[in-house]
A.B. asks: 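Before anything else, here's the structure in question.
Numbering of residues begins at 1 and proceeds along the displayed sequence.
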Amino acid sequence: MTEESVEELIETHNRRVRRMMRAVIVAYVAAFVLSASAVFVSIYSSQSAIAESERKSAVALVESQRKWCALLVPLDLNYQTNTPPTESGRRFAAIVHGLRADFGCQ
């Protein structure tokens, strides 16, 4: 082997090593980008799920209050016009009136 062919072999080897290093760097960058994307998607999905859960809870709360109001309003109106004769009846009427106010029933 001549000195020139040895240098050519070394240069070829160095090119292959540089190519391999670039491939490794690209693989690491791609892995980092994919990992960061996965974290972003996970956080976004979690926030979306939390927002949807909060929305459903709010809807359920409004529906529950509507149902309670359907019961409390007629009772309260009746107790306002016809005061219960017993102490326990008046306490119950006061509780119904307080619940009506707490729920914001019309």
Side-chain angles (χ1 to χ4, degrees):
M1 285 190 137
T2 66
E3 190 175 313
E4 197 172 285
S5 65
V6 170
E7 286 181 13
E8 190 175 309
L9 281 173
I10 291 173
E11 184 60 34
T12 303
H13 175 74
N14 287 342
R15 279 195 301 266
R16 286 182 182 164
V17 168
R18 282 193 297 269
R19 219 177 305 147
M20 180 85 97
M21 290 303 294
R22 282 189 211 119
V24 168
I25 290 170
V26 167
Y28 278 129
V29 169
F32 174 77
V33 169
L34 288 174
S35 298
S37 298
V39 168
F40 175 76
V41 167
S42 176
I43 290 170
Y44 178 76
S45 297
S46 296
Q47 288 175 344
S48 296
I50 290 169
E52 180 64 18
S53 176
E54 288 174 350
R55 186 194 67 77
K56 285 182 180 180
S57 294
V59 168
L61 178 63
V62 168
E63 181 64 19
S64 174
Q65 287 179 342
R66 186 189 64 76
K67 288 178 181 178
W68 275 107
C69 287
L71 174 68
L72 294 172
V73 169
L75 283 173
D76 191 37
L77 291 174
N78 184 47
Y79 290 138
Q80 286 177 8
T81 56
N82 303 312
T83 305
T86 64
E87 180 61 32
S88 62
R90 286 188 291 276
R91 281 196 309 259
F92 183 75
I95 290 169
V96 167
H97 183 74
L99 286 171
R100 181 181 178 187
D102 288 346
F103 283 127
C105 303
Q106 300 296 326

A.B. asks: Could you measure the distance from the OH atom of Y44 to the OG atom of S37? Nearest 0.5 Å is fine.
C.D. replies: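 These two atoms lie 15.0 Å from each other.
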
A.B. asks: Closer than 3.5 angstrom, by distance alone: can the side chain of S42 be matched with the main-chain N or O of A38 as a donor-acceptor pair?
C.D. replies: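 Not at all, since once roles are kept as given, no pair shorter than 3.5 Å links the two residues.
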
A.B. asks: Are any of the side-chain heavy atoms of L61 and S57 separated by less than 4.5 Å?
C.D. replies: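 No - every pair of side-chain heavy atoms lies 4.5 Å or more apart.
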
A.B. asks: Look at the rings of F92 and Y79 and say which category their plane angle falls in: under 30° parallel, 30 to 60° tilted, over 60° perpendicular.
C.D. replies: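 Perpendicular, since the angle between the ring planes exceeds 60°.
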
A.B. asks: For residues 68-106, which residue pairs pass the disulfide (SG to SG under 2.5 Å) check, not counting sequence neighbours?
C.D. replies: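 As it turns out, the disulfide (SG to SG under 2.5 Å) pairs with a partner in residues 68-106, which skip direct neighbours, are C69-C105.
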
A.B. asks: Taking all non-hydrogen atoms of both residues into account, name the closest pair between L72 and R100 and its distance.
C.D. replies: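 Here L72 and R100 meet closest at CD1-N, 3.9 Å.
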
A.B. asks: Would you kindly confirm whether I95 and W68 end up in one hydrophobic cluster when ILVMFWY residues are joined by side chain heavy atoms under 4.5 Å apart?
C.D. replies: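 Yes, I95 connects to W68 through the hydrophobic network.
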
A.B. asks: Backbone N or O of A49 within a donor-acceptor pair of the S53 side chain at under 3.5 Å?
C.D. replies: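 No; zero donor-acceptor contacts below 3.5 Å.
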
A.B. asks: Identify all side-chain donor-acceptor contacts of residues 16-36 below 3.5 Å with residues at least two apart in sequence or on another chain.
C.D. replies:
residue	atom	partner	partner atom	Å
R18	NH2	E11	OE2	3.3
S35	OG	A31	O	2.9

A.B. asks: Counting only heavy atoms from other residues, nucleotides and ligands, does the tally under 6.0 Å from CD of E3 exceed 12?
C.D. replies: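 At most 12 heavy atoms, drawn from other residues, nucleotides or ligands, come within 6.0 Å of this atom.
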
A.B. asks: Counting only heavy atoms not in E8, do more than 12 sit closer than 6.0 Å to its CD atom?
C.D. replies: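 Not buried by this count: 12 neighbours or fewer within 6.0 Å.
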
A.B. asks: So do the side chains of V73 and Q106 get within less than 4.5 Å of each other, counting heavy atoms only?
C.D. replies: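 A side-chain contact is absent here, since even the closest heavy-atom pair is not under 4.5 Å.
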
A.B. asks: Please answer: with hydrophobic residues joined when any side-chain heavy atoms are less than 4.5 Å apart, are L9 and V6 in the same cluster?
C.D. replies: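 Same cluster: L9 reaches V6 through Ile, Leu, Val, Met, Phe, Trp or Tyr contacts under 4.5 Å.
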
A.B. asks: How about CD on E4, more than 12 heavy atoms from neighbouring residues, nucleotides or ligands closer than 6.0 Å, or not?
C.D. replies: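 Atom CD in E4 is not packed in, count stays at 12 or less.
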
A.B. asks: Out of curiosity, H97 NE2 to L75 CG, how far, rounded to the nearest 0.5 Å?
C.D. replies: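 Rounded to the nearest 0.5 Å, the NE2-CG separation comes to 13.0 Å.
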
